[in-house]
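Here is the structure we will look at.
Please read these numbers as outputs of a predicted model, since none were measured by experiment. In what follows, chains carry the letters A, B, and so on, assigned in the order in which the sequence lines appear, proteins first and then strands, with residues in each chain numbered from 1. Only heavy atoms go into these numbers, but all of them, side chains included; no hydrogens, no water, no symmetry mates.
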Protein chains: 2
Amino acid sequence: MNKEIDDKLKLKNIKPTAMRQLVLEVLLQHKTAISLPELEQKFEKADKSTLYRTLKTFQEKQLIHAVEDGTGSLRYAVCDDFCTCEPKDLHVHFLCIKCNKTYCLHDIPVPEIELPEGFTFENANFVIKGICKKCNF
Amino acid sequence: MNKEIDDKLKLKNIKPTAMRQLVLEVLLQHKTAISLPELEQKFEKADKSTLYRTLKTFQEKQLIHAVEDGTGSLRYAVCDDFCTCEPKDLHVHFLCIKCNKTYCLHDIPVPEIELPEGFTFENANFVIKGICKKCNF
DNA sequence: AAATGTTGTGCAATCGGGTTGCAAAGTCAA
DNA sequence: TTGACTTTGCAACCCGATTGCACAACATTT
Ligand SMILES: [Mn+2]
Ligand SMILES: [Mn+2]
Ligand SMILES: [Zn+2]
Ligand SMILES: [Zn+2]
């Protein structure tokens, strides 16, 4: 099939089933993060729970990461090639309140915060809301 | 009834009904942000939709603010007295992955981010996840 | 006080995203 | 070919959020 897709799957140790190839293709084409319900609509006839489990697998294998953008549904985006979903890979996300799209700001790392005494860091979710470039034009 | 509570309601132009007094009392007692389902459990017999609309009203009148902590339910916490829920009032939140409590880090403002060309800022939600002081002991 | 309008409350129903159990289908290696 | 293991499809279910509607409480006017 598509070389790029199979390579990405192999790189993350995910067996390249037909379903997974299709889902990854959609994820790669899509420029912004996508939710399970949105993903479902991209297919004529696809089962929600299969898609759900596909996303779960992708996430566990660190092929995609999830964004809690507060829209009520988690959104997913493909990770950079050597992302391991650790703190160093965390970046800021942007939700456009007009077009409701969620962008990965890959170049903008989540700033480090000095936590209060006794609190320890594990993870972070930083979402900025506003108007995106397209909607500002 | 309770002076502090009625004062806070009056300050934000909210009519002090019995229900609202009770809800605000719970919110003030609670040291961490609280969700609608959690709030519901604090009362023997209270209607979910009334509580829901009470929270909505409080939020519109800027008596409380909502935190999207990714737990699946929005959590609410009482605003500082002169908070107007504008960018200047935004602060970081902390979700403990052990006890599942969400803390307002009132002293830690959400850092300003240089957005890409064409993107404009409206709001932000910054949640750090980790282990809280109590759970670290 | 009585009539009227406005606001708040309680109940039941609905919506939607996420999640699970289970059986059938597919994969793969012995 | 057989049997173990993985993946998929379908049908539920869970749960937080939200809404419509009728009634109660409250305020305002006569
Ligand atoms: Mn991202
Ligand atoms: Mn807060
Ligand atoms: Zn936009
Ligand atoms: Zn804790």
Could you give the CG-to-P distance, from N100(B) to dG16(D), as a whole number of Å?
11 Å

Using atom types as modelled, flag every donor-acceptor pair under 3.5 Å from a side chain in residues 129-137 of chain A to any protein atom, sequence neighbours excluded.
residue: K129(A); atom: NZ; partner: E68(B); partner atom: OE1; Å: 2.8
residue: K129(A); atom: NZ; partner: E68(B); partner atom: OE2; Å: 2.9
residue: N136(A); atom: ND2; partner: I131(A); partner atom: O; Å: 3.3
residue: N136(A); atom: ND2; partner: G118(B); partner atom: O; Å: 2.7
residue: N136(A); atom: ND2; partner: T120(B); partner atom: OG1; Å: 3.1

Nearest whole Å is fine: how far is dT20(C) P from L55(A) CG?
15 Å

Electrostatic pair D6(B):K10(B) at N-O distance under 4.0 angstrom
no

List in chain and number order the residues that pass side-chain contact (heavy atoms from CB on, under 4.5 Å) with F121(A), two or more places apart in sequence or in another chain; answer none if no residue qualifies.
P87(A), L90(A), L115(A), A124(A), I128(B)

Rounded to the Å, how far apart are F58(B) CZ and dT9(C) C1'?
14 Å

Would you please name every residue forming a side-chain hydrogen bond (donor to acceptor under 3.5 Å, both in side chains) with D81(B), sequence neighbours left out?
K8(B)

From the set dG8(C), dG16(D), dT7(D), return the single nucleotide nearest to any side-chain atom of R20(B).
dG8(C)

Kindly indicate whether the side chain of R53(B) and the base of dG10(C) share any N or O donor-acceptor pair separated by less than 3.5 Å?
yes

Atom pair distance, as rounded to whole Å: CD in Q21(A) and C1' in dT7(D):
14 Å

Bend angle of the helix from dA1(C)-dT30(D) to dA30(C)-dT1(D) from five-pair axes at both ends, rounded to 10°?
10°

Tell me if the aromatic rings of Y76(A) and F58(A) count as close, with their centers under 6.0 Å from one another.
no

Hey, what's the ring geometry for F119(A) with Y103(B), parallel, tilted or perpendicular (30° and 60° as the breaks)?
perpendicular

Which class fits the ring pair H106(A) and H65(A): parallel under 30°, tilted 30 to 60°, perpendicular over 60°?
perpendicular

Test of understanding: with side-chain hydrogen bond (donor to acceptor under 3.5 Å, both in side chains), list the residues that count as partners of N100(B), not counting sequence neighbours.
none

If you take any heavy atom closer than 4.0 Å to DNA chain D, which residues from residues 61-71 of chain A end up in contact?
none

Walk along nucleotides 24-30 of chain C from 5' to 3' and tag each nucleotide B, S or - by protein heavy-atom contact under 4.0 Å, base first, then sugar-phosphate.
-------

Do any pairs count as a salt bridge (charged side-chain N to carboxylate O under 4.0 Å, His left out) and have a residue in residues 29-41 of chain B, sequence neighbours left out, and if so which ones?
E38(B)-R75(B)

Can you identify which nucleotide, out of dT19(C), dA17(D), dT8(D), has its nearest atom closest to the K56(A) side chain?
dT19(C)

In residues 32-52 of chain A, which ones come under 4.0 Å of DNA chain C, going by heavy atoms?
L36(A), P37(A), K48(A), S49(A), Y52(A)

If I take atom OH in residue Y76(B) and atom P in nucleotide dG16(D), what distance separates them, rounded to the nearest angstrom?
13 Å

Give the rounded distance in Å between these two atoms: CG of L9(B) and C1' of dT7(C).
16 Å

If we only count heavy atoms from C-beta on, is the Q21(B) to E25(B) side-chain gap below 4.5 Å?
no

Which salt bridge (charged side-chain N to carboxylate O under 4.0 Å, His left out) pairs, counting each pair once, include a residue from residues 93-115 of chain B, with sequence neighbours left out?
none

By side-chain hydrogen bond (donor to acceptor under 3.5 Å, both in side chains), D89(A) pairs with (sequence neighbours left out) T84(A)

Can you list the residues that meet the side-chain hydrogen bond (donor to acceptor under 3.5 Å, both in side chains) rule with S73(B), with sequence neighbours excluded?
none

Taking it one step at a time, do L95(B) and N123(A) satisfy side-chain contact (heavy atoms from CB on, under 4.5 Å)?
CA-CA 10 Å; L95(B) 168 64; N123(A) 205 340; over 6 Å; no

